[in-house]
Amino acid sequence: MKIATWNVNSLRVRLDHVIDWLKREHADVLALQETKTRDENFPIGAFSDLGYNVSFSGQPTYNGVALISRQNITDVRTEIDGLEDPQRRVLAATIDGVRIYNLYVPNGQSVDSEKFQYKLSWLDALKTQIALDLAQHPNAILLGDFNIAPEDRDVHDPAAWKGKVLCSEPERKALRELLDLGLIDVFRGFEQDAKSYSWWDYRAAAFRRNRGLRIDLILATEALKDRCSTCRIDVEPRRLQRPSDHTPVIAEFSV
DNA sequence: ATGGTGGCGCGGCCA
């Protein structure tokens, strides 16, 4: 299974990029975040023409997640238990016997904001849900835009970002607690270039200067980690005209 | 430079 995650920051604007990317990479599963697309407007045909199934949970203007898959998508869930949340950030499904969680973790805006408290409570509810689910699904993958840089090596300028949202200790702790359930950030299981990032701010020529963060992650259970043969960031889509501010992260599993 | 750019949708929010 070749599986990838990509925050596209509007599927309508980025559809050509996504279709071209699928034609080139032939991924089995692509998890999209920030589709910003109502369900009734989802471009099903663009994907079915390539032989892909789709599942989506969208809303107008903000958020929105989708799964694009060669194999059937079953047992779809879009809610976290105990979390009343109109924001469409979760799409869990089973594909090829693997339980897959496509996640768009709240950004949090700034550590002193209400949105940051929402981010932490959202992560806490997610942890509770995943703890329960992993007992039933030894083969599971969590992937998406986590809006958390796990460690300082995932940050272009750790001193400047210290304590700031996306890098602060409370959210890093929340991520570690999620990993402690038995998940591995598979990107770090392989040799990687220093300064490997998945997101660059649109402003201040951040991409050209490689001033980025690695906040798009693929987490796998122990059983699947041993079946992971590669994980890499594909920076090419970020070079295109009118790109998303994120670029795809890809992992391959023998399942 | 407390800015900068981009998407949505047409003013202001969100990232």
Side-chain angles (χ1 to χ4, degrees), chain A residues 5-21 30-43 46 56-66 83-91 102-123 126 143-150 154-168 170-172 174-175 197-217 233 235-249:
Chain A
T5 178
W6 193 0
N7 178 324
V8 289
N9 185 21
S10 168
L11 182 56
R12 183 182 64 84
V13 173
R14 237 64 70 185
L15 185 59
D16 288 350
H17 291 189
V18 174
I19 295 300
D20 289 349
W21 186 88
L30 174 59
L32 301 174
Q33 303 88 36
E34 280 203 272
T35 55
K36 299 185 175 180
T37 302
R38 292 174 157 91
D39 287 349
E40 59 266 36
N41 295 337
F42 197 91
F56 41 81
S57 180
Q59 67 180 90
T61 314
Y62 301 120
N63 308 311
V65 284
L83 192 72
E84 287 282 332
D85 191 0
Q87 301 188 32
R88 303 292 81 196
R89 298 179 174 280
V90 177
L91 189 49
N102 177 14
L103 305 172
Y104 176 44
V105 177
N107 173 284
Q109 196 165 59
S110 68
V111 294
D112 56 0
S113 69
E114 283 184 18
K115 290 191 178 69
F116 189 72
Q117 293 308 311
Y118 163 64
K119 181 179 195 174
L120 294 181
S121 54
W122 192 97
L123 286 164
L126 176 72
L143 77 171
D145 178 359
F146 281 72
N147 269 316
I148 303 170
D154 302 307
V155 181
H156 68 88
D157 186 345
W161 280 86
K162 185 176 174 61
K164 297 251 181 13
V165 73
L166 311 185
C167 301
S168 74
E171 53 201 297
R172 283 180 169 175
L175 178 61
Y197 310 124
S198 66
W199 168 83
W200 301 260
D201 198 299
Y202 283 121
R203 296 165 288 190
F207 179 65
R208 182 176 59 72
R209 301 156 72 192
N210 196 27
R211 297 173 65 85
L213 304 179
R214 189 176 70 91
I215 57 177
D216 299 273
L217 309 178
I233 294 170
V235 76
E236 290 308 314
R238 190 62 174 80
R239 303 187 200 281
L240 298 172
Q241 290 293 317
R242 214 177 171 191
S244 170
D245 45 351
H246 297 249
T247 209
V249 183

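Just so it is clear: chains get the letters A, B, ... in the order the sequence lines come, proteins before strands, and each one is counted from 1.
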pair A:Trp6-A:Val249: side-chain heavy atoms closer than 4.5 Å: no
Per atom distances to the A:Thr61 side chain, the nearest of B:dC8, B:dG4, B:dC13 is B:dC8
Checking A:Asn107, A:Thr5, A:Asn7 against A:Asp145 for side-chain hydrogen bond (donor to acceptor under 3.5 Å, both in side chains), the one that qualifies is A:Asn7
In numerical order, the residues of residues 240-247 of chain A whose heavy atoms come under 4.0 Å of DNA chain B are A:Arg242
Between A:Arg12 and A:Gly108, the residue closer to the 5' end of DNA chain B by nearest nucleotide is A:Arg12
Here the distance between atom P of B:dC14 and atom CG of A:Asn107, to the nearest Å, is 11 Å
Assert: residue with more 5' nearest nucleotide on DNA chain B, out of A:Pro60 and A:Asn7, is A:Pro60
query: Does a nitrogen or oxygen in the side chain of A:Arg89 sit under 4.0 Å from OP1 or OP2 of B:dA15?
result: yes
Checklist entry - With a 4.5 Å limit on heavy-atom distance, are the side chains of A:Val111 and A:Pro170 in contact? => result no
Can you find a heavy atom in the side chain of A:Pro106 that is under 4.5 Å from one in the side chain of A:Arg89?
yes
Between CD of A:Glu34 and P of B:dA15 the distance, given in whole Å, is 7 Å
note: A:Phe116, atom CZ; B:dA15, atom C1'; distance rounded to Å ~ 16 Å
Of the listed B:dT5, B:dG9, B:dC8, the closest approach to the A:Arg38 side chain comes from B:dG9
query: Expressed in whole Å, how much space separates the C1' atoms belonging to B:dG4 and B:dC14?
result: 16 Å
Q.
I'd like the P distance from B:dG9 over to B:dT5, given in whole Å.
A. 22 Å
Practice problem: Pick base, sugar-phosphate or nothing for A:Tyr104, based on heavy-atom distances below 4.0 Å to the nucleic acid. | Solution: sugar-phosphate
A:Arg209 CZ to B:dT5 C1', in whole Å, measures 14 Å
From CZ of A:Arg211 across to P of B:dG3 the rounded distance in Å is 18 Å
Between CG of A:Asn9 and P of B:dC13 the distance, given in whole Å, is 18 Å
A:Asp201 atom CG is separated from B:dG4 atom P, nearest whole Å, by 12 Å
Can you check the distance between B:dA15 and B:dG3, where both ends of the measurement are the C1' atom (answer in whole Å)? 16 Å
Review point. Does OP1 or OP2 of B:dG6 have a side-chain N or O of A:Ser10 closer than 4.0 Å?
Key: no
ask   = Does a side-chain heavy-atom distance below 4.5 Å link A:Phe207 with A:Pro243?
value = no
Exercise for review: Using a cut-off of 6.0 Å, state whether more than 12 heavy atoms not belonging to A:Gln241 lie near its atom CD.
Suggested key: no
### Close side-chain approach of A:Leu166 to A:Trp161, heavy-atom, < 4.5 Å
yes
Atom CZ of A:Arg88 and atom P of B:dC14 are separated, to the nearest Å, by 18 Å
task = Please determine, by modelled atom types, if A:Tyr104 and A:Glu34 share a side-chain donor-acceptor pair under 3.5 angstrom.
result = yes
The nucleotide from B:dG7, B:dA15, B:dG9 with an atom nearest the side chain of A:Lys115 is B:dA15
